[in-house]
Amino acid sequence: AYGVAQSPDYSQLPWYSFTGYATERLIVTFAHGLMTAIAVSGLHGGRAKALAGYLTALGLHALINLGAILAALKLIPVAVSSLATYAAIFFAFVNFQTRVRNRHKAKVLATEEIVYFER
């Protein structure tokens, strides 16, 4: 953003020319929050899960960046790169939410009374 603001070429453009950049920044912010939540969730689970959470977040970050790297190398079109990034973020979010819900259900079930015999 600083480099764009300093360039005289961009100063002539209207504000709405930068909506793509603004959208990308919002998506990146969400993605980094998701990856942080995955890492912190692992930390909450103890030493073994801490490493798994960290490596999962690290791998997801690499996967999300892979599309941009392949597009920069001109191996895939930018549109495909963007779709792959959005898909990776979406599936990671759904998977994380599912795991959180299942963990919550397991805690609720563990606190309920279990009746083995009835008269």
Side-chain angles (χ1 to χ4, degrees):
Y2 180 78
V4 169
Q6 300 304 313
S7 174
D9 296 334
Y10 293 110
S11 66
Q12 304 302 319
L13 296 174
W15 66 268
Y16 50 83
S17 297
F18 300 100
T19 55
Y21 176 77
T23 303
E24 186 266 344
R25 292 288 89 198
L26 287 172
I27 291 168
V28 166
T29 302
F30 175 78
H32 280 91
L34 174 64
M35 290 178 281
T36 301
I38 291 170
V40 169
S41 176
L43 287 171
H44 183 67
R47 182 173 289 195
K49 290 187 179 185
L51 182 61
Y54 173 73
L55 292 176
T56 301
L58 185 73
L60 180 59
H61 199 282
L63 179 67
I64 289 170
N65 286 339
L66 182 63
I69 292 168
L70 294 176
L73 295 173
K74 302 209 185 315
L75 296 174
I76 61 173
V78 173
V80 173
S81 165
S82 297
L83 287 175
T85 299
Y86 299 152
I89 293 169
F90 175 76
F91 287 116
F93 177 72
V94 170
N95 186 352
F96 182 69
Q97 285 296 316
T98 303
R99 295 175 128 220
V100 169
R101 284 190 187 118
N102 288 343
R103 191 178 314 147
H104 178 70
K105 285 179 185 176
K107 284 182 181 179
V108 169
L109 290 175
T111 59
E112 292 180 1
E113 181 180 6
I114 299 173
V115 178
Y116 291 103
F117 300 101
E118 288 189 57
R119 290 186 199 211

**Student:** How many angstroms lie between CG in L75 and CG in L66, if you round to the nearest 0.5 Å?
**Tutor:** 9.5 Å
**Student:** For A92 and L60, work out which heavy atoms get closest and say how close.
**Tutor:**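 Smallest interatomic distance, heavy atoms only, reads CB-CD2, 3.5 Å.
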**Student:** Just wondering, are more than 12 heavy atoms of other shown residues or ligands nearer than 6.0 Å to CZ in F18?
**Tutor:**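 Check passes, neighbour count above 12.
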**Student:** Roughly how far, to the nearest 0.5 Å, is CD1 of I69 from CD1 of I64?
**Tutor:** 12.0 Å
**Student:** Measure the OG1-CZ distance between T98 and F91 for me, rounded to the nearest 0.5 Å.
**Tutor:** 11.5 Å
**Student:** Distance-only, no hydrogens or angles: does the S41 side chain make a donor-acceptor pair with backbone N or O of I38 under 3.5 Å?
**Tutor:**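 Flag not set: sc S41 to bb I38 has no pair under 3.5 Å.
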**Student:** Please answer: with hydrophobic residues joined when any side-chain heavy atoms are less than 4.5 Å apart, are M35 and F30 in the same cluster?
**Tutor:**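 Cluster IDs for M35 and F30 match.
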**Student:** Looking only at heavy atoms, what is the nearest atom pair of S81 and A68, with distance?
**Tutor:**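 So the two residues come closest at OG-N, 3.4 Å.
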**Student:** Could you see if I27 belongs to whatever hydrophobic cluster contains L34? Use Ile, Leu, Val, Met, Phe, Trp, Tyr and a side-chain cutoff under 4.5 Å.
**Tutor:**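 Linked within one cluster.
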**Student:** Which heavy atom in V80 sits nearest to a heavy atom in I76, and how many Å separate them?
**Tutor:** CG1-CD1, 4.4 Å
**Student:** Is there a chain of hydrophobic side chains (I, L, V, M, F, W, Y, each step under 4.5 Å between heavy atoms) that links Y86 to F90?
**Tutor:** no
**Student:** If I take atom CG from residue L58 and atom CG from residue L63, how far apart are they, to the nearest 0.5 angstrom?
**Tutor:**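 Here the interatomic distance stands at 11.5 Å.
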**Student:** If you count the non-hydrogen atoms of other residues, nucleotides and ligands that lie under 6.0 Å from CZ in F96, is the total more than 12?
**Tutor:** yes
**Student:** Quick one: does any side-chain atom of S7 pair with a main-chain N or O of V4 as donor and acceptor, under 3.5 Å?
**Tutor:** no
**Student:** Can you tell me if Q6 has over 12 outside heavy atoms packed within less than 6.0 Å of its CD?
**Tutor:** yes
**Student:** Tell me whether Y10 at atom OH has more than 12 heavy atoms from other residues, nucleotides or ligands lying less than 6.0 Å away.
**Tutor:** no
**Student:** Within a 6.0 Å radius of atom CZ on R99, are there more than 12 heavy atoms belonging to other residues, nucleotides or ligands?
**Tutor:**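 Result for CZ/R99: open.
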**Student:** Between H32 and V28, is there a donor-acceptor pair closer than 3.5 Å when you use the side chain of the first and the backbone of the second?
**Tutor:** yes
